[in-house]
Amino acid sequence: MKTAVNENELRRGEVLEEKLRIKNSLLSHIYEISSLLTRSLDLEKVLDEIADRVVHGLNYDRAMIMLLSSDGSRLECRCIRGFTSEGEKRILEKPLILEEHDCYETKAVRCGNPRFIPDTENAPDATPIDRIINRYHERKSVLYVPLRIKDKILGLLGVDRYRTRMEITQDDVESLTIFANQASIIIENTRLYQALSHEKKVSENIIRCSTNGVVVSDLAGGILNVNPRAEELLGIPREEAVKTRIQDVFKFNAADKKKIYSLLKKSNNVHYFDYPYSRNDEKLVFNLSGFAFRDEERKILGAVTIIADQTEKKRMDDYLLRVEKSAALGRVAAGIAHEIRNPLAGIYTTVQNLENEFGEEDSRKSDLQTILQEIDRVERLIREILDLVRPVPIHVEEFDIHNLLSATLSLIRKESAKKKIDLIMEFNAGKPSINADPHRLRQVFLNLVLNAIESIKGRGKIIIRTDDARRGRNERDWISISFQDSGRGIPPENMSRIFEPFFTTKSGGTGLGLPVSHKIIEDHRGMIEVESEPDRGAVFRVLLPLKRVPLRTRRMIIEDVNTDN
């Protein structure tokens, strides 16, 4: 009797010891999969790790993880272990439709509780679909445990012991349920992280690929991030930008600072306004806007500044305004010139006849000759005025712009040397061959260099530089010819008027040199830009389009049919 009691106690001890071993093993595997939250953030790797733990750690022969589709209508197999290649292919390729397929898998998901079928062949609730699956996968005894977090069903974990034929006990059901609950948390967290990571990448890609600059700053103005376009526009690498404050980049005046802060504090957007910006001595015009960004509790965390480069648009707007204004003034002046020209011809003829009536010794003859000379000067002035508005033939040929500049500058080197002004040539353009009228361009270049010489008092220098350039949305190739002097510069109040006909600050000047030069460049489909600061000289930049294809030297006449006669 005592022996029987000892054997029973020994048996109970062995059972308890086995249960303890199983629980310890379960806890160990739960700990291992829990560490996936810090080791792997890829869902497929997480599912593989979970399936491997089920098979090798919890002693099942086959396992599969099925997850509900995003719309909750399908069960899709995402990971499988222990099946034949044909079985794997069938399971992976054929999801189960919850509304159409009535089987153990869909029932377990719908009811949300573990489903253990000890004998699939003789199960009373087996459906035709179950019998088909039994036949294809040779199911005997299976266990399906829902993957769930509270009331949310993620999918299903299915296992069996197909090869070993070991019994699946109630302890196994409880252990797998505990394991599946922890696995559900890990799967959901991984999916949430992937969704957030994807959303973050999309947002970052949108910001990175934006054609506008984006600067993110905190409440103190410290820059947190800049996109590549902002780096390019500001001329500041990201590594340096994040070490500075936005108020050190954009030096707003006190009134603007107060206005911007007030708008952001009230959650109002800062609407577009122009801001002049200097980047490596290059003058730019930015269009700035901004808005505050907040956390979930609507607390302001910082601001986002949007930078749109309006430099080219501003140049083009100024250029078109200048062209329109000059054309209007030119038409008025041309109308007046026409009216003056006819009576002037009569006056010239009359004075010439009077001159012939006096001898060479008569002082009145000299006075009349002076009158004729002044009439000739007025006639030349009228011709220049008419050249501003009427079509002037342009004799186009292919030539090297560097050769033309060198030849033009040789004409005035002696004069510049007398005034102790150095002419420095820096030819950097890689494509100096253009199609244009060399004689008309020589007139422009001479006028710009002579103006530069007159602006310099004492010793100085003029740098004539060529560069490759791009302008406009079509990004076609241009050549830039700049004339930079060390003279007194152009007063800000005169900048908008220098291309107006008859505007001049020189005694004895006609005020037609720059307007005529502007017209010549315009006839060549080019542009003239000017930059200047008082006492720091001026830069006149001529932009001409390059030829698109190699051409043989030829002469042709281009007339602007849109210009008034």
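Just so we're clear, the structure is a prediction, and the values are computed from it rather than from any experiment.
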Residues passing the ring-ring contact (aromatic ring centres under 6.0 Å, His included) test with Phe399, sequence neighbours excluded, are none
(message) For Lys150, is there any backbone N or O sitting under 3.5 Å from a side-chain donor or acceptor partner on Arg148?
(response) yes
- Query: Does Ser486 reach the main-chain N or O of Gly537 with its side chain, forming a donor-acceptor pair under 3.5 Å?
  - Reply: no
Value for CD1 (Ile223) from NZ (Lys243), rounded to nearest 0.5 Å, stands at 13.0 Å
In terms of heavy-atom contacts, Ile490 and Phe540 come closest through CD1-CZ, 4.0 Å
Asp151, CG atom: more than 12 neighbouring heavy atoms under 6.0 Å: no
To the nearest 0.5 Å, atom CD1 of Ile187 lies from atom SG of Cys79 at 9.5 Å
Notebook entry, point to check: Is the shortest heavy-atom distance from the side chain of Leu234 to the side chain of Val215 under 4.5 Å?
Noted result: yes
The side-chain hydrogen bond (donor to acceptor under 3.5 Å, both in side chains) partners of Asn403 (sequence neighbours excluded) come to none
In this structure, CG of Leu404 is separated from CG of Leu409 (nearest 0.5 Å) by 9.0 Å
Return yes if a side-chain donor-acceptor contact under 3.5 Å exists between Thr466 and Asn428, otherwise no. no
One should read off an interatomic distance between Phe445 CZ and Ile520 CD1, to the nearest 0.5 angstrom, of 10.0 Å
Fill in: Residue pair Asp218, Leu301: steps toward the side chain to side chain contact (heavy atoms under 4.5 Å, CB included) verdict
CA-CA 6 Å; Asp218 59 24; Leu301 301 179; over 6 Å; no
Checklist entry - So Met425 and Leu423, side chain to side chain contact (heavy atoms under 4.5 Å, CB included) or not? Walk me through it. => result CA-CA 7 Å; Met425 293 184 289; Leu423 298 181; 5.9 Å; no
Q: Let me see the working for Phe286 and Tyr277 under ring pair (Phe, Tyr, Trp, His ring centres under 6.0 Å), right down to the final yes or no.
A: CA-CA 7 Å; Phe286 291 160; Tyr277 184 82; 5.0 Å; yes
For Ile149 and Ile185 the tightest heavy-atom approach is CD1-CA, 3.9 Å
| task | Kindly indicate whether the side chain of Leu147, heavy atoms from C-beta on, has any atom under 4.5 Å from the side chain of Ile65. | result | yes
Under the salt bridge (Lys or Arg N to Asp or Glu O under 4.0 Å) criterion, do Arg245 and Asp248 qualify, and how do the steps go? CA-CA 5 Å; Arg245 299 184 305 167; Asp248 296 326; 3.5 Å; yes
Taking only distance into account, with no hydrogens and no angle test, what donor-acceptor pairs under 3.5 Å do side-chain atoms of residues 454-463 form with protein atoms, sequence neighbours excluded?
from	atom 1	to	atom 2	distance (Å)
Glu454	OE1	Lys506	NZ	3.0
Ser455	OG	Ala452	O	2.7

Whether the Asn225 and Arg238 side chains hold a donor-acceptor pair (N or O, under 3.5 Å, no angle test) is what I'd like checked.
yes
Between Gln247 and Ala220 (side chain of the first, backbone of the second, donor and acceptor by atom type, cut-off under 3.5 Å), is there such a pair?
yes
Heavy-atom closest pair (Arg541 atom, Ser480 atom, distance to 0.1 Å) is CG-OG, 3.3 Å
Q. Yes or no on salt bridge (Lys or Arg N to Asp or Glu O under 4.0 Å) for Arg191 and Glu188, after CA distance, side-chain angles and deciding distance?
A. CA-CA 5 Å; Arg191 292 205 299 192; Glu188 181 68 356; 3.5 Å; yes
Item checked: 4.5 Å side-chain heavy-atom contact, Val449 and Ile412 -> yes
Smallest heavy-atom separation, Ile236 atom then Glu240 atom, equals CG2-CB, 3.9 Å
Between the CD1 atom in Ile528 and the OG atom in Ser482, the distance rounded to the nearest 0.5 Å is 12.5 Å
*Min side-chain heavy-atom separation Lys313-Asn287 under 4.5 Å*: no
Here the side-chain hydrogen bond (donor to acceptor under 3.5 Å, both in side chains) pairs for residues 408-426, sequence neighbours left out, are Glu426-Arg465
- Message: Using side chain to side chain contact (heavy atoms under 4.5 Å, CB included), reason through Val516 and Gln443 one step at a time and then give a plain yes or no.
- Response: CA-CA 9 Å; Val516 169; Gln443 179 182 347; 3.5 Å; yes
Of all heavy-atom pairs linking Gly526 and Pro545, the shortest is CA-CD, 4.2 Å
State, with a plain yes or no, whether a side-chain heavy atom of Val202 is found less than 4.5 Å away from one of Glu199. no
Report task. Would you check if Leu288 and Ile307 make a side-chain contact, meaning some heavy-atom pair closer than 4.5 Å? Result -> yes
| request: Test Ile481 against Leu441 for side chain to side chain contact (heavy atoms under 4.5 Å, CB included), laying out the working first. | output: CA-CA 11 Å; Ile481 307 105; Leu441 290 185; over 6 Å; no
Does any part of the side chain of Leu75, heavy atoms only, come nearer than 4.5 Å to the side chain of Pro95, both counted from C-beta? no
- Item | Student check: side-chain heavy atoms of Ile521 and Val444 closer than 4.5 Å | yes
* Using a cut-off of 6.0 Å, state whether more than 12 heavy atoms not belonging to Glu493 lie near its atom CD. => yes
Sequence neighbours excluded, the answer for side chain to side chain contact (heavy atoms under 4.5 Å, CB included) partners of Asn205 is Arg208
Contacts of Phe427 meeting ring-ring contact (aromatic ring centres under 6.0 Å, His included) (sequence neighbours excluded), chain-then-number -> His402
Looking only at heavy atoms, the pair that brings Leu514 and Asn447 closest together is N-ND2, 3.7 Å
Any donor-acceptor pair under 3.5 Å linking the side-chain atoms of Asn212 with those of Ser210? no
Rounded to the nearest 0.5 Å, the CG atom of Leu47 sits from the OG1 atom of Thr190 at a distance of 8.0 Å
Side chain of His524, backbone of Asp437: donor and acceptor closer than 3.5 Å? yes
